[in-house]
Amino acid sequence: MAMKTVYTVTLNPAWDRTAEVCRLVPGGTNLLREPRGDAGGKGINVSRVLHAFGHKTMALGLLGSGAGDQLLARLQEEGICCDFIRLGGSCRTNLKVVDRQAGVTTEFNEPGPQADAAALNALEQQLAELSGGVVVLAGSLPPGVPVDWYARAAALCRRSGGQVVLDASGEGLRRGLVGGPDAVKPNKEELEVLCGMPLAGPKALIGAARRQLLCAGVRLAAISLGAKGAFFVTGTEAVEAAPPEVEARSTVGAGDTMTAVLAEYLAARPAHAAPPAGEELRRLAARAVAAATAKVLREGTQPPREEEIATVAAKVLCRAAE
């Protein structure tokens, strides 16, 4: 079947500025090296990855003014289709500082502009009018957005025949599960917050994913472990995918790249197909982890290339986790 369009919804886009320092000195003066600007926000990152893969995607959401105009111009330059509902307030600007010596990234994120009921109603109307496709609901909820909005949006998309991928945290994830997303991608810490307890070891993580996520109607859960890979869990199987060690240039957008692969997978299959199993689940896990790992080798939020993903995928270790 033909690949379905993937629509991404970003309620809190950002102009992401990324720069490197030799060593981050808290309380001191830090010289930023090679600063770059990118259109950011989790859903936007997903659209950029899918566009780089050659898939049809459209970025939706709420977009403020100021840096938002720069963000929109950049997406148009990159050839990414978008149809944002514009807000009166200024789009946020985020700063990501990569400490080369420590190999870690420190983020300074603004809260974003206030959303209003009219803008949310207009966005919901867009979602209600979509005919099929895959919808990715991703990122933080800006001021003015109800905590249950992802649940409302997921329900709208499903009623119009769409499939839903949810990548949220905190109450956005907890309430969003009520809308019945097809796939979710929390990291380990986000799943622990959802459970209200620490989760040590594969058995605890897989059990929590099934109790908290699959019992809510989710058919596929990817639990990210950062540099250690991820667990991919369905109602009948669980696979652990571990990537090779690499020297990261920027971890920003790595999780969004994994989300993009989940959306890509759903977009290539019938809406009511069974969850992946056996070798199909292992292939999906290997590609998702390889894509996220290949992303950290690139600066800023630049998507990975297919040849980079293939190189990493050959080194990803996939094994049954139960």
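The structure displayed is predicted, hence computed values, not measured ones. FYI, side chains are in, hydrogens and waters are out, and symmetry mates aren't considered; it's all heavy atoms of this structure. Numbering starts at 1 and runs along the sequence shown.
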* Do other residues, nucleotides or ligands put more than 12 heavy atoms under 6.0 Å from Arg86 CZ? -> yes
* Is the shortest heavy-atom distance from the side chain of Ile206 to the side chain of Arg210 under 4.5 Å? -> yes
* To do: Look at the side chain of Gln126 and the backbone N and O of Asp83, then say whether any donor-acceptor pair between them is shorter than 3.5 Å.
  => yes
* To do: Side-chain contact test, heavy atoms from C-beta onward, threshold under 4.5 Å: evaluate it for Val21 versus Arg33 and give yes or no.
  => no
* Cluster overlap Leu262 with Leu214, hydrophobic side-chain contacts below 4.5 Å -> no
* Counting only heavy atoms not in Arg17, do more than 12 sit closer than 6.0 Å to its CZ atom? -> no
* Checking side chain to side chain donor-acceptor pair (under 3.5 Å) for the pair Glu78/His51: CA distance, chi angles, key distance, verdict? -> CA-CA 9 Å; Glu78 294 179 4; His51 181 73; over 6 Å; no
* Arg48 and Pro303, any side-chain heavy atoms less than 4.5 Å apart -> yes
* To do: Drop me the distance from Arg219's CZ to Gln163's CD, to the nearest 0.5 angstrom.
  => 8.0 Å
* Asked: Side chains of Asn94 and Glu107: is there a donor and an acceptor less than 3.5 Å apart?
  -> no
* Asked: Could you go step by step and tell me if Phe231 and Leu225 meet the side chain to side chain contact (heavy atoms under 4.5 Å, CB included) rule?
  -> CA-CA 8 Å; Phe231 287 97; Leu225 307 177; 3.5 Å; yes
* Asked: Do Lys295 and Glu308 have side chains that get closer than 4.5 Å, going by heavy atoms?
  -> no
* Check for a donor-acceptor pair, side chain of Asn121 on one end and backbone N or O of Ala117 on the other, with a separation under 3.5 Å. => yes
* To do: Mark yes or no for whether Asn30, through its side chain, and Val25, through its backbone, hold a donor-acceptor pair below 3.5 Å.
  => yes
* Beyond-backbone contact of Phe84 with Leu72, side-chain heavy atoms, under 4.5 angstrom -> yes
* To do: Identify whether the distance between the nearest side-chain nitrogen and carboxylate oxygen of Arg269 and Glu280 falls below 4.0 Å.
  => yes
* Structure fact -> Distance col, row Lys56:NZ vs Ile80:CD1, nearest 0.5 angstrom, shows 14.5 Å
* Asked: Does Tyr7 share a hydrophobic cluster with Met3, counting links as ILVMFWY side-chain heavy atoms below 4.5 Å and allowing steps through other members?
  -> no
* **Cation-pi check, Arg287 onto Phe53 ring (under 6.0 Å, within 45° of axis)** => yes
* side chain to side chain contact (heavy atoms under 4.5 Å, CB included) between Val9 and Trp149: does it pass, once the steps are laid out? -> CA-CA 12 Å; Val9 177; Trp149 192 83; 4.1 Å; yes
* Flag if over 12 foreign heavy atoms under 6.0 Å of CD, Glu247 -> no
* Same cluster or not: are Val165 and Val135 linked, directly or through other Ile, Leu, Val, Met, Phe, Trp or Tyr residues, by side-chain heavy atoms under 4.5 angstrom apart? -> no
* Structure fact -> Heavy-atom nearest pair, Ala67 first then Trp15, reads CB-CB, 3.9 Å
* To do: Assess the side chains of Asn109 and Lys96: does a donor N or O sit below 3.5 Å from an acceptor N or O?
  => yes
* Asked: So, for Gly278 and Glu237, which heavy atoms are closest and what is the spacing to 0.1 Å?
  -> N-OE2, 2.8 Å
* Asked: More than 12 foreign heavy atoms under 6.0 Å from CD of Glu245: is that the case here?
  -> no
* Taking the side chain from Thr10 and the backbone from Asn12, do they hold a donor-acceptor pair closer than 3.5 Å? -> no
* Asked: Which atom names give the shortest non-hydrogen contact between Leu137 and Ala154, and what distance separates them?
  -> CD1-N, 3.8 Å
* Nearest non-hydrogen partners of Ala241 and Phe232, listed with the distance -> CB-CE1, 4.3 Å
* Separation between SG of Cys157 and CG of Leu127, rounded to the nearest 0.5 Å -> 4.5 Å
* Structure fact -> Looking only at heavy atoms, the pair that brings Thr259 and Val136 closest together is CG2-CG1, 3.9 Å
* Structure fact -> Minimal heavy-atom distance between Leu87 and Ala119, with the atoms involved, is CD2-CB, 3.5 Å
* Asked: Is Lys188 reaching over with its side chain to a backbone N or O of Gly226, donor-acceptor style, under 3.5 angstrom?
  -> no
* Decide side chain to side chain contact (heavy atoms under 4.5 Å, CB included) for Thr106 and Leu24; before the verdict, give the C-alpha distance in whole Å, the side-chain angles of both, and the deciding distance to 0.1 Å. => CA-CA 9 Å; Thr106 301; Leu24 185 65; 3.6 Å; yes
* Taking 4.0 angstrom as the limit, do Arg158 and Asp182 come out as a salt bridge? -> yes
* Leu95 and Leu31: same hydrophobic cluster, using ILVMFWY side-chain contacts below 4.5 Å? -> no
* To do: State plainly whether one hydrophobic cluster holds both Val6 and Val184, where clusters connect Ile, Leu, Val, Met, Phe, Trp and Tyr through side-chain heavy atoms under 4.5 angstrom apart.
  => no
* Asked: Between Thr18 and Ser250, does any side-chain donor sit less than 3.5 Å from a side-chain acceptor?
  -> no
* **Any donor-acceptor N/O pair, Arg100 side chain to Arg23 backbone, under 3.5 Å** => no
* To do: Show the numbers, then the answer: is there a side chain to side chain contact (heavy atoms under 4.5 Å, CB included) between Thr8 and Leu60?
  => CA-CA 6 Å; Thr8 63; Leu60 307 174; over 6 Å; no
* To do: With the side chain counted from C-beta on, respond yes when Asn45 and Asp38 share a heavy-atom pair under 4.5 Å apart, and no when they do not.
  => no
* To do: Look up atom CZ in Arg74 and atom CD in Gln70, then write down how far apart they are to the nearest 0.5 Å.
  => 7.0 Å
* Atom pair CD/SG of Gln76 and Cys81 - distance to nearest 0.5 Å -> 10.0 Å
* Asked: Does some side-chain heavy atom of Ser169 sit less than 4.5 Å from a side-chain heavy atom of Asn187?
  -> no
* Between CZ on residue Arg305 and OG1 on residue Thr311, distance to nearest 0.5 Å -> 11.5 Å
* Has the side chain of Tyr150 got a donor or acceptor atom that lies under 3.5 Å from a matching backbone atom of Glu171? -> no
* Asked: Is there side-chain contact between Ile44 and Leu75, with at least one heavy-atom pair below 4.5 Å?
  -> yes
